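Worth saying up front: this structure is predicted, and the values here are computed from it rather than measured. Order of the sequence lines fixes the chain letters, A, B, ..., with proteins taken first and strands second; residue numbering starts at 1 for each chain.
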Amino acid sequence: MEAYFQLAYIAAAVLFIVGLKMLGRADTARRGNMVSAVGMLVAVVATLLQSGVDYAVVFAGLVVGGGVGVFWSRRVQMTQMPETVALFNGAGGGASLLVGWAEFLSRPGQDTVTAIATVLAVLVGGVTLTGSIVAWGKLSERVSGRPILFGGQQVVNGALLLAAVVVGVLFAMNPGGGYAWLLVAIAVALVLGVLSVIPIGGADMPIVISLLNSYSGLAASAAGFVIDNTVLIVAGSLVGASGLILTQIMCKAMNRSLTNVLFSGFGSATQSTGQAVEGEVKAMTPEDAYFVLEAANNVVFVPGYGMAVAQAQHAVKELADLLEENGAEVRYAIHPVAGRMPGHMNVLLAEANVPYEQLVEPGDVNPNMEMVDVAVVIGANDVVNPAAKEDKGSPLYGMPIIEVDRARTTFVLKRSMKPGFSGVENPLFYKDNTRMVFGDAKAVLGQLVGEFKSD
Amino acid sequence: MEAYFQLAYIAAAVLFIVGLKMLGRADTARRGNMVSAVGMLVAVVATLLQSGVDYAVVFAGLVVGGGVGVFWSRRVQMTQMPETVALFNGAGGGASLLVGWAEFLSRPGQDTVTAIATVLAVLVGGVTLTGSIVAWGKLSERVSGRPILFGGQQVVNGALLLAAVVVGVLFAMNPGGGYAWLLVAIAVALVLGVLSVIPIGGADMPIVISLLNSYSGLAASAAGFVIDNTVLIVAGSLVGASGLILTQIMCKAMNRSLTNVLFSGFGSATQSTGQAVEGEVKAMTPEDAYFVLEAANNVVFVPGYGMAVAQAQHAVKELADLLEENGAEVRYAIHPVAGRMPGHMNVLLAEANVPYEQLVEPGDVNPNMEMVDVAVVIGANDVVNPAAKEDKGSPLYGMPIIEVDRARTTFVLKRSMKPGFSGVENPLFYKDNTRMVFGDAKAVLGQLVGEFKSD
Amino acid sequence: MTVLLLLLFIFVLAIFLGRELIQKVPSQLHTPLMSGTNAISGIAIVGAIASTAVGGTFSTVLAFIAVVLASINVFGGYLVTDRMLGMFRAGKRED
Amino acid sequence: MTVLLLLLFIFVLAIFLGRELIQKVPSQLHTPLMSGTNAISGIAIVGAIASTAVGGTFSTVLAFIAVVLASINVFGGYLVTDRMLGMFRAGKRED
Ligand SMILES: NC(=O)c1ccc[n+]([C@@H]2O[C@H](COP(=O)([O-])OP(=O)(O)OC[C@H]3O[C@@H](n4cnc5c(N)ncnc54)[C@H](OP(=O)(O)O)[C@@H]3O)[C@@H](O)[C@H]2O)c1
Ligand SMILES: NC(=O)c1ccc[n+]([C@@H]2O[C@H](COP(=O)([O-])OP(=O)(O)OC[C@H]3O[C@@H](n4cnc5c(N)ncnc54)[C@H](OP(=O)(O)O)[C@@H]3O)[C@@H](O)[C@H]2O)c1
């Protein structure tokens with residue numbers, strides 16, 4: 001019998017591996033997710049058939065938890081995805097913590113290795129739990145998105161980390177007798193999760209969530225060592241390793257290092273802008289902008305975080321349709337870190353039914369930027385900041401941008417002259433061929449659409 | 001103690017994994033090989049420390065085998081590499097076979113699973129052993145390189161394969177008592193190895209060796225199950241899987257399928273040439289060719305198997321140096337399957353100290369082929385055959401080629417009008433801008449060099 | 001002891017495998033991929049289910065909460081990933 | 001039985017890992033890579049060494065031959081791969 005369970009676990013592991021691989025490619029991603037879900041089903045069923053499982057408890061738990069999960073996943077809007085993932089992730093970490101705890105209570109005479117695994121599951125699971133909740137709070141603006149900094153913060157965090165290690169060692173050295181140490185470990189982990197995430201700015205939360213996701217995998221893996229369960233170990237460490245790689249990939253796309261994200265409190269204050277900006281700001285009314293657009297043959301939209309804030313994606317699509325009717329070629333240049341989560345713009349534009357083939361990457365549009373009659377920047381800022389190319393002193397220096405400063409005309413739709421996420425001034429706004437069209441993006445686009453229609 | 005061995009094995013496995021990964025990239029390949037060698041050392045030392053090992057026997061074996069291996073690897077020429085690898089590979093397969101056999105003799109009361117593993121190690125190891133020896137014979141021309149075909153060959157091979165399975169099952173069902181079956185299995189495997197490789201043409205041997213390499217990994221893995229040894233299982237299956245992928249990659253580069261390689265007897269007879277070739281062959285003497293080269297600014301050499309046969313790489317380099325002195329730009333266009341083993345041309349040209357940056361791929365040189373004054377084809381044939389682009393009936397159709405037919409002038413250095421490896425006629429030789437410079441490649445190049453020097 | 005070391009071996013291999021599986025992901029897949037791997041980390045549900053076998057009221061309560069949390073992760077995680085990827089598909093359908 | 005299943009798990013993971021490790025190899029590396037993996041398959045030497053522990057004259061003879069063959073594979077395999085890769089390096093030095 002035992003042998004069949006193991007074989008089922010091997011099958012589940014293979015399904016996870018194949019599913020994960022498929023998740024990384026656009027054309028197979030959705031099926032990959034289903035393959036991985038089947039793997040989960042296989043693992044759960046095999047576990048349910050094992051002796052001793054308390055079906056009443058499991059069933060009740062599945063109904064409650066499953067219900068919450070289903071409800072939640074249906075209700076959230078696309079823009080709330082990252083924080084939702086954070087919550088789910090925290091739940092997973094919490095489960096690993098509880099598994100370690102419950103196992104300890106029922107089998108207190110643990111050997112050293114099991115004790116180490118237990119305390120790791122509890123510590124990593126605990127950090128994941130509260131860290132994810134804070135990340136959720138920041139993204140959903142229940143907690144301030146600004147980095148919360150206080151004097152000696154890094155010292156406190158360092159001390160907590162040390163405490164976690166010490167408690168872990170004490171517990172492992174005294175296996176079975178160390179219930180008090182285990183409780184202390186739980187408390188330390190929960191506090192550490194909160195304190196290590198609050199100093200990080202809200203906009204960096206996607207990276208933090210990805211990292212915590214990796215942690216929750218490792219916590220599950222540790223729990224697997226506690227109960228000698230292979231599929232827990234394998235699936236957990238797959239997530240632990242792939243989550244870490246994904247975190248690095250995300251950091252790279254934002255031109256940041258992981259250390260910088262975790263410890264710098266980036267975005268905590270408006271930073272020095274590097275060079276002073278020269279030139280004159282030229283504003284334009286939507287009416288005048290309309291005449292320019294009307295004459296354009298080649299238009300590129302550059303959406304950014306402001307489009308998400310204004311929920312202007314449908315208005316953009318409407319304007320694009322009118323421009324196309326008018327004979328213009330329309331494309332959308334999507335910067336990998338536009339918005340506040342990876343793929344943010346893609347999701348919003350997909351929601352508005354923008355055809356996939358009109359989405360282009362910076363590398364496709366930059367070489368021919370001189371041929372673009374009008375580049376319409378919709379609530380984007382950092383991703384079109386020429387300082388990233390020109391000003392070595394700028395914090396953005398080195399990040400690839402969408403080079404709308406080289407287009408024939410550039411319209412920037414935003415509400416004010418305020419800087420974007422990075423807090424860095426944008427010399428684009430002062431260029432000769434730039435016109436600022438101030439106002440909420442959705443409202444301005446609505447006016448432009450109105451002009452086209454009344455024509 | 002046992003725990004330390006396992007930990008050492010884990011370390012060895014990690015070194016193999018890292019080494020294998022590094023082997024796949026040009027800049028880290030050599031270090032990767034060393035990393036993997038360290039892994040082997042760790043595994044061997046850990047095994048030596050285990051109880052019961054007969055040091056005298058091991059030491060004698062290491063000295064004899066190591067001596068042969070070292071001697072051989074020093075003595076062979078670069079062009080003999082593939083057959084040397086084949087021999088080493090066969091030795092590995094043989095070792096797995098013998099491990100299975102020896103273990104059975106000493107512990108006849110095997111359980112079913114061990115029995116299955118034993119018979120697999122013996123079967124796969126045996127096929128690897130004799131198959132590799134035949135491959136070596138073909139490449140080193142000790143056995144005819146032509147496919148050896150006889151009536152009902154596939155039936156015989158099919159029957160042998162079936163026999164292997166049946167014997168395996170009988171042995172596994174009667175664990176312990178089936179020594180006779182084991183001996184039959186050994187015999188069947190050895191015969192099967194010979195018979196399945198002899199129908200394959202000599203030029204396909206690199207692929208066969210790569211496949212047998214994968215087999216030898218699997219045999220080792222099976223031997224690992226016989227003696228419950230983790231590092232054998234892991235390293236063996238790493239090689240088994242990566243060898244299979246490598247085999248597929250190699251097939252793809254030659255535009256062949258694995259089935260086609262294994263079962264078609266490709267190259268067994270001069271095949272139909274597809275279209276009849278029209279046009280007139282224009283020969284040229286080396287003296288006249290010299291005048292054309294002397295006036296050329298942009299020269300591309302296209303080496304092929306004939307350069308290897310003539311050992312003309314040093315002569316090519318000498319001519320190239322003279323051309324460069326004369327003010328011409330010189331490049332070498334290397335087709336991935338030029339020659340008879342992957343990387344054949346790269347190895348030869350590296351031996352002649354051709355600078356790495358002068359080697360270009362077909363994709364780099366084809367788009368600007370019209371700018372090339374003279375393309376010098378040195379004993380290449382199939383890789384420059386325009387039928388691959390033009391003639392849907394040709395067996396080469398679809399293979400990417402180096403499109404020298406579009407160069408201003410093309411010299412083809414070969415001894416006759418005979419076709420190349422594929423047996424397909426080459427319309428290139430009949431094109432208006434092609435001149436045949438007949439003769440041994442080294443001799444002709446020598447004459448050209450002489451003309452330049454006497455100038 | 002042997003079992004433990006074999007589990008350790010499995011752990012090491014899975015770590016390397018996880019590392020190799022994710023490479024060169026297009027940026028619009030970063031969020032779905034994060035969400036998809038998060039769903040897999042819901043494998044803690046297997047531990048949670050197994051821990052209901054322990055007995056003892058308090059332990060059972062802990063195990064129950066563990067099952068609840070883990071199933072939130074599993075159900076929510078897979079469904080939300082699917083919804084996200086469905087969006088992309090919808091956008092793609094038009095080409 | 002448990003040990004066996006764990007070994008099977010290890011086998012499966014290693015197979016997937018081997019598959020992932022080799023991707024998009026430039027063609028001039030095909031031969032060295034083949035040779036390098038061949039050297040790794042010389043791991044059969046571990047089995048050969050272990051099998052010298054079996055006793056019995058004939059078994060010992062088999063084990064001895066196994067050690068000889070496996071060490072040909074290991075020593076020859078690594079050295080020949082290194083020589084091949086050294087050639088490439090030599091060609092590369094000049095840039
Ligand atoms: N994509 C990710 O995963 C991710 C994650 C973390 C951080 N980030 C960072 O976020 C930044 C993204 O760059 P971005 O160019 O998309 O955005 P941004 O630089 O943050 O700029 C957004 C701009 O939108 C404008 N805006 C806000 N609400 C608006 C409304 N209702 N109507 C019109 N405009 C509005 C704001 O200007 P006003 O206030 O003047 O209107 C602001 O300057 C990058 O620095 C990136 O590194 C990205
Ligand atoms: N690279 C690999 O890994 C590999 C492996 C297996 C098969 N293959 C196959 O091998 C072929 C390779 O193409 P290829 O163009 O390199 O070679 P090829 O098509 O085989 O042609 C070689 C040519 O060299 C000439 N030649 C032979 N000895 C010569 C000498 N001493 N001096 C001058 N010329 C000489 C021959 O013509 P004469 O007899 O008239 O002189 C022959 O036509 C492809 O079909 C490929 O698929 C490659």
Side-chain angles (χ1 to χ4, degrees), chain B residues 16 20-21 23-24 29-30 33 37 43 47 52-54 57-58 61-62 64-66 68-70 72-73 85 88-89 91-92 94-96 98-99 101-102 105-106 210 213 216-217 220 223 227 232-235 237-239 241-243 245 250 253 336 341-343 346-347 350 355-357, chain D residues 4 7 10-11 14-15 18-19 21-22 25-28 30-38 40-44 46-54 56 59-60 62-82 84-85 87-88 90-92 94-95:
Chain B
F16 288 139
L20 201 49
K21 172 105 189 165
L23 264 172
R30 197 172 186 184
N33 188 49
T47 311
V53 170
D54 185 331
V57 174
V58 171
L62 280 176
V64 174
V68 172
V70 171
W72 227 325
S73 63
V85 172
F88 293 158
N89 191 42
S96 294
L98 293 172
V99 170
W101 191 351
L105 285 181
S106 62
S210 179
N213 182 26
S216 77
I227 61 172
L232 253 178
I233 295 177
V234 169
S237 45
L238 281 176
V239 173
S242 62
I245 298 288
M250 285 167 66
M341 69 182 198
N346 302 69
V347 168
Y356 195 75
E357 69 273 13
Chain D
L4 177 72
L7 292 177
I10 287 177
F11 172 75
I15 288 281
R19 208 185 90 161
L21 284 172
I22 305 297
V25 191
S27 64
Q28 86 257 33
H30 288 176
T31 304
L33 186 57
M34 178 168 88
S35 174
T37 52
N38 169 51
I40 296 179
S41 75
I43 190 70
V46 165
I49 293 174
S51 71
T52 62
V54 295
S59 300
T60 307
L62 292 180
F64 170 71
I65 306 178
V67 175
V68 171
L69 290 179
S71 23
I72 292 179
N73 189 350
V74 170
F75 285 90
Y78 280 110
L79 288 174
V80 99
T81 310
D82 190 62
M84 262 189 257
L85 291 166
M87 281 260 137
F88 286 112
K92 217 167 181 172
E94 308 201 11
D95 45 354

The residue among D:Ile49, D:Thr52, D:Val68 that forms side chain to side chain contact (heavy atoms under 4.5 Å, CB included) with B:Val57 is D:Thr52
Can you tell me how far CD1 of B:Ile233 sits from CG of D:Leu7, rounded to the nearest 0.5 angstrom?
4.0 Å
Between chain D and each of B:Leu20, B:Asn89, B:Val64, count heavy-atom pairs under 4.5 Å; write down the option with the most.
B:Asn89
Just so I know, are the side chains of B:Leu23 and D:Met34 near enough to count as touching, which here means a heavy-atom distance under 4.5 Å?
no
Measuring from D:Asn38:CG to B:Ser210:OG, what's the distance to the nearest 0.5 Å?
10.0 Å
Restricting to non-hydrogen atoms, name the atom on B:Thr47 and the atom on D:Ala50 that form the minimum distance, rounded to 0.1 Å.
CG2-N, 4.2 Å
Taking all non-hydrogen atoms of both residues into account, name the closest pair between D:Ala66 and B:Ala95 and its distance.
O-CB, 3.6 Å
Side chain proximity check, D:Ser51 to B:Ile227, heavy atoms < 4.5 angstrom
no
Taking the side chain as every heavy atom from C-beta outward, state whether D:Thr31 and B:Val347 have any atom pair closer than 4.5 Å.
no
Against chain B, work out which of D:Ile10, D:Val46, D:Ile65 has the most heavy-atom pairs shorter than 4.5 Å and name it.
D:Val46
When every non-hydrogen atom of D:Gly47 is compared with those of B:Val99, the smallest separation belongs to C-CG2, 3.6 Å
I need the D:Leu69 CG to B:Phe88 CZ distance, nearest 0.5 Å.
12.0 Å
Between B:Asn213 and D:Ser41, is there a side-chain heavy-atom distance shorter than 4.5 Å?
yes
Atom OG in B:Ser73, atom CD1 in D:Ile72: separation rounded to 0.5 Å?
11.0 Å
Please state whether the side chain, the backbone, both or neither of B:Ala223 comes within less than 4.5 Å of a heavy atom of chain D.
neither
Donor-acceptor pair, side chain of B:Asn33 and main chain of D:Tyr78, under 3.5 angstrom
yes
Apply side-chain contact (heavy atoms from CB on, under 4.5 Å) to residues D:Met84 and B:Val85 and explain how you reach the verdict.
CA-CA 11 Å; D:Met84 262 189 257; B:Val85 172; 4.3 Å; yes
For D:Ser59 and B:Leu105, work out which heavy atoms get closest and say how close.
OG-CB, 3.4 Å
Is there a side-chain contact between B:Val239 and D:Ile43, using heavy atoms and a 4.5 Å cut-off?
no
What residue in B:Ser96, B:Gly52, B:Ser237 has the most heavy-atom pairs under 4.5 Å with chain D?
B:Ser237
Under a 4.5 Å cut-off applied to non-hydrogen side-chain atoms, are D:Ile40 and B:Leu238 in contact?
no
Is the closest side-chain heavy-atom distance between B:Leu62 and D:Phe75 below 4.5 Å?
yes
